[in-house]
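Notes for the one structure printed next.
Nothing here was measured: the structure is a model prediction, and the numbers come from that model.
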Amino acid sequence: MERKIISQFEMVGEETLHKIVDAFYKRVKLHPDLSPIFPDDLRETARKQKQFLTQFLDGPPLYTSEHGHPRLRMRHLAFPITPKRANAWLTCMSQAMDEVGFSGPIREEFFSRLVITAHHMVNTDDEYESRKGEVQ
């Protein structure tokens, strides 16, 4: 008998994933450390995040099909991502998961992968914000 491997995307479910992303961006919009690096209208950003996370969780390659290889770090280099912002991003994501009642081992696995990714995206030190207004 052949065992079918179930992807993380199937375990999370498309509806739950979309709810997480929607709850996440409600928080991002209000977060003082994150909102400055995001557009005012987050609809397109949320749509792309849903595509990316679907693919990230071994679901259909929606992001790549429309936008090409994710090249996450390269695509985010234009934005000052500090360790503080990476942690704020993770806090918003964790709270969004809490809001939709997403829990258990699949959440732990998904979130641990996000932690690695968020910290990989850091491209600026935490002192950036305090220095950017200074005259050089």
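Cluster annotation: I5 is not connected to M11 through the hydrophobic network of ILVMFWY side chains, with a link wherever side-chain heavy atoms come within less than 4.5 Å. Each of I116 and M121 belongs to its own hydrophobic cluster when Ile, Leu, Val, Met, Phe, Trp and Tyr are linked at side-chain heavy-atom distances under 4.5 angstrom. A continuous path of hydrophobic side-chain contacts links F111 to Y25 [ILVMFWY only; heavy atoms under 4.5 Å].
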Item to complete: Report the C-alpha distance between F24 and V100 in whole Å, list the side-chain angles of each, state the deciding distance to 0.1 Å, and finish with yes or no for side-chain contact (heavy atoms from CB on, under 4.5 Å).
Response: CA-CA 10 Å; F24 168 76; V100 303; over 6 Å; no
Worksheet item: Given the rule in the side-chain contact (heavy atoms from CB on, under 4.5 Å) test, do I81 and W89 qualify, once you have shown the distances and angles that lead to the verdict?
Response: CA-CA 10 Å; I81 302 174; W89 191 97; over 6 Å; no
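With a 4.5 Å cut-off on side-chain heavy atoms, E99 and K26 count as touching. Looking at heavy atoms from C-beta onward, K4 lies in side-chain contact with E10 at the 4.5 angstrom threshold. T124 is not listed as a side-chain neighbour of R85, based on a closest heavy-atom distance of 4.5 Å or more. With a 4.5 Å cut-off on side-chain heavy atoms, D125 and T82 do not count as touching.
In terms of heavy atoms, F79 sits closest to N123 at O-ND2, 3.0 Å. Minimum heavy-atom separation, L114 to F56: CD2-CE2, 3.8 Å. The nearest pair of heavy atoms linking H67 to Q51 is NE2-OE1, 2.8 Å. Pairing each heavy atom of A86 with each of A118, the nearest pair is CB-O, 3.7 Å. Taking every heavy atom of both residues into account, F52 and P70 meet most closely at CE1-CB, 3.9 Å. Here the closest non-hydrogen pair linking T16 and V12 is CB-O, 3.3 Å.
Residues passing the side chain to side chain donor-acceptor pair (under 3.5 Å) test with T91, sequence neighbours excluded: none. Qualifying salt bridge (charged side-chain N to carboxylate O under 4.0 Å, His left out) partners for R71, counting only residues two or more places apart in sequence or in other chains: none. Residues that satisfy the side-chain contact (heavy atoms from CB on, under 4.5 Å) test with P60, not counting sequence neighbours, are F9, T54, L62.
Among residue pairs with one or both ends in residues 106-115, those qualifying as side-chain hydrogen bond (donor to acceptor under 3.5 Å, both in side chains) are Q8-R113, S94-R107, D98-R107; sequence neighbours excluded. Applying the salt bridge (charged side-chain N to carboxylate O under 4.0 Å, His left out) definition to pairs two or more places apart or across chains, those involving residues 48-67 are D22-K50, R47-E66.
For D126 (side chain) and K84 (main-chain N/O), a donor-acceptor pair under 3.5 Å exists by modelled atom type. In this structure a side-chain-to-backbone donor-acceptor pair under 3.5 Å is present from Q55 to T64. Remark: side-chain polar atoms of R27 are not paired, donor with acceptor, to backbone N or O of M93 under 3.5 angstrom.
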Show which side-chain atoms of residues 28-40 pair as donor or acceptor with protein atoms under 3.5 Å away, not counting sequence neighbours.
residue, atom, partner, partner atom, Å
K29, NZ, D40, O, 2.4
H31, ND1, D33, N, 3.0
S35, OG, H31, O, 3.0

